[in-house]
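Order of listing sets the numbers, starting from 1, for every ligand and every atom in it. Numbers here simply count residues along the sequence, with the first being 1. Atoms considered below: every heavy atom in the structure, side chains included; atoms not considered: hydrogens, waters and symmetry mates. Please read these numbers as outputs of a predicted model, since none were measured by experiment.
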Amino acid sequence: MKRIAVAGASGYTGLELIRLLDRHPEVTITCVTSEQSAGKPVSDLFPSLRERCDLLLEPLDPATVAAKADLVFTALPHQSAMVVVPAFLAAGKPVVDLSADYRLHDAAVYGQWYEPHKNPELLPEAVYGLPELRREAIRSARLVANPGCYPTSIILGLKPLLAAGLIDPASIIADSASGVSGAGRSAKVDSLYCEVNEGYKAYGVGGVHRHTPEIEQELSLLAGREVVITFTPHLVPMDRGILSTIYATPLQKVTTEELATLYAETYRDEPFVRPLPAGRFPSTAFVRGSNFCDIGVTVDSRSNRIIVISAIDNLVKGASGQAVQNMNLLCGYPETLGLEGLALYP
Ligand SMILES: NC(=O)C1=CN([C@@H]2O[C@H](COP(=O)(O)OP(=O)(O)OC[C@H]3O[C@@H](n4cnc5c(N)ncnc54)[C@H](OP(=O)(O)O)[C@@H]3O)[C@@H](O)[C@H]2O)C=CC1
Ligand SMILES: CC(=O)N[C@@H](CCC(=O)OP(=O)(O)O)C(=O)O
């Protein structure tokens, strides 16, 4: 049994990690952290965990946490993860970091979209943890940078088209809509019930959302040239789920049936990507609670655009489920272990 620490266990992705790790046959959770709720059982904060995980939350002292665990998940805000990750690595503990701190390869780009990086020397060795792109590198990583939720849905949606050179990379537009849990559990006016319940709104409009460089970094690697996209995130009055609608101009004549075949072939051996048959499109309802990414694709021949629609659960394939998938690769377990049968069918 591997001993696992969840740093940031009082947050939404922390809770989701505990839910998933609790049903994993090869690991046991030995340490859960919170600053504000230190000293309380984690099941006091989240009663669904009662009698499944009643560990006391403790403050995040890296040496204490490292001594209790063989692997650490950091489910902390960006800028906070990078304060503790080097100590875990120095103690010989691999880290799966759910924050944005190690996703960008270029420290200058990180500094431009976030704050200056505190340990840029770790960026070259951090592996961007999208298993469908980097499975082999993740297996031997010390530090896995778990992707953002919007990037996961968009990169998986576009991978077959870019890898086949079928679209003009300069034509990509992605509109993504997220449930409110994407904003985390800390109190913010923008996440209040009355602010979100009746509306559907765009935010981060005009190329300013910090996921833009992360998406562009990975799409550029797939395209083999620099990709600049138009990305607009939206907030939907639901608790979880992301639906991305992605548009691109084809470089050659192609039919919906050919694209459906391309997606089916690209993802044939992927346990968590479900390309849909031609004419079918996903819903967040059908991936809720699961580690699946569902993808539908079609050609709008009238406007000469390819339209891809992908759906994930932001807290599972967009965060904690993907993090457990990465842990499985890193530890040499079957990739799907603990993640099977998670979908809640509406
Ligand atoms: N929510 C989502 O859908 C996704 C989130 N992510 C990323 O994952 C990370 C966690 O997100 P999420 O769970 O939503 O966030 P939450 O705000 O829900 O939780 C944050 C956690 O971090 C702890 N924390 C906050 N500040 C510090 C600090 N300075 N030192 C130590 N612990 C601290 C909090 O503990 P305390 O009890 O003390 O407040 C809490 O446990 C973030 O980087 C986020 O961007 C990635 C993909 C999807
Ligand atoms: C709805 C909502 O607010 N979503 C968050 C994205 C959450 C996330 O996963 O971002 P990181 O992992 O990169 O921090 C946002 O737009 O900032």
Non-hydrogen atom of R210 closer than 4.0 Å to ligand 2: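 A heavy atom of R210 does come that close to ligand 2.
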Would you mind finding which of [options] brings a heavy atom closest to [atom]?
atom	options	value
atom 12 (O) of ligand 2	R103, K188, E214	R103
atom 43 (O) of ligand 1	I312, V316, L76	L76
atom 22 (O) of ligand 1	G11, A38, P77	P77
atom 46 (C) of ligand 1	L98, V42, L57, V83	L98
atom 47 (C) of ligand 1	S80, G318, S320	G318
atom 13 (O) of ligand 2	H211, H209, H234	H211
atom 3 (O) of ligand 1	I242, N314, V84, V32	N314
atom 7 (C) of ligand 2	S99, G182, G148	G182

Identify the closest protein heavy atom to atom 9 (O) of ligand 2: which residue and atom is it, and at what distance?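 Result for atom 9 (O) of ligand 2: C149 SG, 3.0 Å.
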Under 3.5 Å, N or O to N or O, is [X] touching ligand 1 that way?
X	result
R210	no
R103	no
E35	yes

Relative to ligand 1, is [X] under 4.0 angstrom through side chain, backbone, both or neither, heavy atoms considered?
X	answer
R185	both
A9	backbone
S181	backbone

Element-labelled atoms of ligand 2 that are located less than 4.0 Å from some non-hydrogen atom of L235: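 In order of number, 1 (C).
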Give yes if a backbone or side-chain nitrogen or oxygen of S178 is under 3.5 Å from a nitrogen or oxygen of ligand 2, and no if not.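 For ligand 2, there is no N or O atom that lies under 3.5 Å from one belonging to S178.
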Test your reading of the structure: does Y114 have an N or O sitting under 3.5 Å from an N or O of ligand 2?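 No, since none of the N or O atoms of Y114 sits under 3.5 Å from an N or O of ligand 2.
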Taking only heavy atoms of L315 into account, list the atoms of ligand 1 that are under 4.0 Å away from them.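 Near L315, the atoms of ligand 1 are 1 (N), 2 (C), 3 (O).
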Regarding R274 and the six-membered ring of F292, is the cationic atom NZ or CZ under 6.0 Å from the ring centre and inside 45° of its axis?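 Judged by the rule (NZ or CZ under 6.0 Å from the ring centre, within 45° of its axis), R274 counts as positioned above F292.
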Does Y110 have its ring centroid less than 6.0 Å away from the ring centroid of H105?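 Centroid separation for Y110 and H105: 6.0 Å or greater.
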Which residue, R185, R240, R23, forms the salt bridge (charged side-chain N to carboxylate O under 4.0 Å, His left out) with E16?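 In the set R185, R240, R23, the residue that makes a salt bridge (charged side-chain N to carboxylate O under 4.0 Å, His left out) with E16 is R240.
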